[in-house]
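The block underneath contains the structure these notes are about, expressed in structure tokens.
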Amino acid sequence: MSFGLSNITSNTSLSSRALILAGLFFPMVFTSVACKSGYPVSARNNPGAEAKEPRRVKIAHAAEIAMEQTVTVTGTLAAYDQATVSAKVPGRVKSIAVDLGSVVRQGQILAQIDDQDYQLRLQQADAALAQARARVGLPPEGKDDRIDPEKTGTVRQAQALLDDAQVKFRRAEALVQRGVLPKAQLEGAEAEYKVALSRYQDAVEEIRNRQALVVQRRSELEIARQQLADSSIHAPFDGVVQEKRASIGEYLAAGAPIVNVVRMDPLRLRAEVPERESRNVHVGESVRVTLEGDPNVYTGKIARISPTITAQNRVLIVEAEVHNNGQLRPGSYARAEIVSNHSSPALAVPANAIVSFAGIDKVILVQDGKALEKPVTLGRRSAEWAEVVSGLKTGDPVVIDPGNLQSGQPVVVTE
């Protein structure tokens with residue numbers, strides 16, 4: 001019996017010790033778990049213990065200001081002029097002074113056709129003109145081809161014969177009236193007079209024909225001179241060579257292309273304005289043009305507007321002339337702002353007060369000492385201001401450069 005009681009006492013002592021150890025162990029485990037969770041027990045019991053310090057911010061008030069009213073469009077830049085420079089006269093290419101990308105000036109020689117044949121034609125035409133001038137009594141050299149037919153030798157000779165025949169006819173007529181000469185001699189004198197008159201008229205016509213031949217030879221000389229000049233191909237305007245299409249030694253027919261030249265300044269911006277904005281666009285309005293990857297802003301003016309709206313996509317085609325400083329290239333895709341009104345009232349806030357995320361624009365207001373997010377709908381924008389179409393009213397305080405400021409966070413406004 002004593003053995004049994006001692007065993008019971010011993011087991012009871014072991015159980016008591018186990019309970020004591022368990023009572024010590026579980027609080028340690030609980031404390032360890034609480035520490036790993038990152039939230040101290042005191043913090044959970046007192047949520048305001050870790051309240052953030054108020055953030056210092058600067059504010060601006062939404063106000064009505066005068067802003068530009070613009071129409072945003074997209075389009076393509078094109079060369080103002082583009083010409084295929086061709087040979088005006090046939091011949092073999094003697095030289096080409098330009099190639100792809102060459103900058104040319106108006107009147108500059110681009111290519112030369114072998115002109116030996118045209119020089120010979122010019123000499124031939126010059127000689128023919130001198131011969132024609134000599135036949136009408138003019139000196140071989142000279143530019144004045146006017147002449148009085150009555151002063152030429154051919155006409156003066158015919159005039160002398162006509163005067164003699166007329167005198168003889170009148171004398172015979174007087175003698176016949178007095179009965180001195182028979183009537184037959186009068187008829188002979190009259191016939192001689194008519195022949196002389198006809199020869200005089202023929203002489204005048206001959207001189208006029210020769211005079212016309214002088215004019216013709218003069219025209220042939222000018223044509224030969226022009227053909228010689230046309231053997232040199234000149235640039236029609238200031239521009240850049242887009243393509244070289246002929247080679248030295250190649251025989252070209254009249255009209256065969258030699259080079260393509262494009263005018264680079266100004267450029268044409270051909271853009272499509274939506275029908276709803278078409279009434280706000282007029283000739284002479286300013287245009288600001290930007291290109292992808294180019295930080296520069298290029299300026300221009302609306303120069304031409306289509307008289308109709310296209311039925312397929314309901315847009316108005318406009319053309320603007322854009323000044324090119326050498327950085328723009330025809331064919332580039334461009335984005336443009338057409339300034340339709342330079343001073344239009346708008347409710348606006350500073351551009352650096354706008355926060356955009358996932359396509360949503362918002363501002364941070366200050367209300368009761370705390371930040372308050374406010375979604376807004378934006379309209380026109382500039383480098384300094386952004387128009388607020390809806391979401392704010394005049395005088396609302398907005399935080400400038402809010403950064404990561406969140407709604408509900410305490411703020412302190414500083415000057």
If you measure from [atom1] on [X] to [atom2] on [Y], what distance do you get to the nearest 0.5 Å?
X: Ser278; Y: Arg314; atom1: OG; atom2: CZ; value: 11.0 Å
X: Lys244; Y: Asp99; atom1: NZ; atom2: CG; value: 4.5 Å
X: Thr310; Y: Glu275; atom1: OG1; atom2: CD; value: 9.0 Å
X: Trp385; Y: Asn352; atom1: CH2; atom2: CG; value: 9.5 Å
X: Ser306; Y: Glu319; atom1: OG; atom2: CD; value: 9.5 Å
X: Ile207; Y: Asp202; atom1: CD1; atom2: CG; value: 11.5 Å

Polar side-chain atom of [X] near backbone of [Y] as donor-acceptor pair, under 3.5 Å:
X: Arg263; Y: Gly239; result: no
X: Asp361; Y: Thr377; result: no
X: Thr152; Y: Val136; result: no
X: Thr414; Y: Val57; result: yes
X: Glu373; Y: Gln406; result: no
X: Ser198; Y: Val195; result: no
X: Arg210; Y: Arg135; result: yes

Looking at [X], I want to see if its [atom1] is surrounded by more than 12 non-hydrogen atoms of other residues, nucleotides or ligands under 6.0 Å.
X: Arg270; atom1: CZ; result: no
X: Glu243; atom1: CD; result: yes
X: Arg199; atom1: CZ; result: no
X: Glu384; atom1: CD; result: no
X: Glu222; atom1: CD; result: yes

Identify the heavy atoms of [X] and [Y] that sit nearest to each other, and give their distance.
X: Ala271; Y: Val73; result: CB-CG2, 3.8 Å
X: Ala246; Y: Pro257; result: CB-O, 4.1 Å
X: Thr394; Y: Ala63; result: CG2-CA, 4.5 Å

State whether a side-chain donor-acceptor pair under 3.5 Å links Glu292 with Tyr333.
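No - no donor-acceptor pair under 3.5 Å links their side chains.
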Side chains of Glu205 and Asn209: any donor to acceptor distance under 3.5 Å?
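Their side chains do not contain a donor-acceptor pair, so the 3.5 Å distance test is not met.
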Can you run down the salt bridge (Lys or Arg N to Asp or Glu O under 4.0 Å) pairs that involve residues 87-97, sequence neighbours left out, and say none if there aren't any?
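Checked against salt bridge (Lys or Arg N to Asp or Glu O under 4.0 Å) - neighbours excluded - the pairs reaching residues 87-97 are Lys88-Asp230.
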Could you please spell out the steps behind the side chain to side chain donor-acceptor pair (under 3.5 Å) verdict for Gln216 and Glu220?
CA-CA 6 Å; Gln216 179 181 348; Glu220 291 174 353; 3.3 Å; yes
Please assess Leu110 against Val261 for the test side-chain contact (heavy atoms from CB on, under 4.5 Å), listing each intermediate value before the final yes or no.
CA-CA 10 Å; Leu110 304 180; Val261 179; 4.3 Å; yes
If you define the side chain from C-beta out and look only at heavy atoms, does anything of [X] sit under 4.5 Å from [Y]?
X: Val411; Y: Val399; value: no
X: Asn260; Y: Val241; value: no
X: Pro266; Y: Val322; value: no
X: Leu252; Y: Ile258; value: yes
X: Gln82; Y: Val262; value: yes
X: Ile113; Y: Val93; value: yes
X: Pro397; Y: Gln367; value: no
X: Arg55; Y: Asn404; value: yes

Between [X] and [Y], does at least one N-O distance fall below 4.0 Å, as a salt bridge requires?
X: Asp368; Y: Lys370; result: no
X: Arg121; Y: Asp117; result: no
X: Asp396; Y: Lys393; result: yes
X: Asp401; Y: Lys58; result: no
X: Arg170; Y: Glu173; result: no

Quick one, His323 with Asp265, criterion side-chain contact (heavy atoms from CB on, under 4.5 Å). Give me CA distance, side-chain angles, the key distance, then yes/no.
CA-CA 6 Å; His323 173 64; Asp265 185 31; 3.3 Å; yes
Matching residue for Asn280 among Arg276, His282, Glu277 - test: side chain to side chain contact (heavy atoms under 4.5 Å, CB included)
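When side chain to side chain contact (heavy atoms under 4.5 Å, CB included) is applied between Asn280 and each of Arg276, His282, Glu277, only Glu277 qualifies.
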Apply side-chain contact (heavy atoms from CB on, under 4.5 Å) to the pair Val287 and Glu285, showing each step before the final yes or no.
CA-CA 7 Å; Val287 177; Glu285 290 178 340; 5.9 Å; no
Test log, rule side-chain contact (heavy atoms from CB on, under 4.5 Å), inputs Arg268 and Arg304:
CA-CA 10 Å; Arg268 294 175 184 258; Arg304 289 163 290 276; 3.3 Å; yes
By the definition salt bridge (charged side-chain N to carboxylate O under 4.0 Å, His left out), identify the one residue from Asp145, Asp126, Asp144 that meets it with Arg133.
Asp145
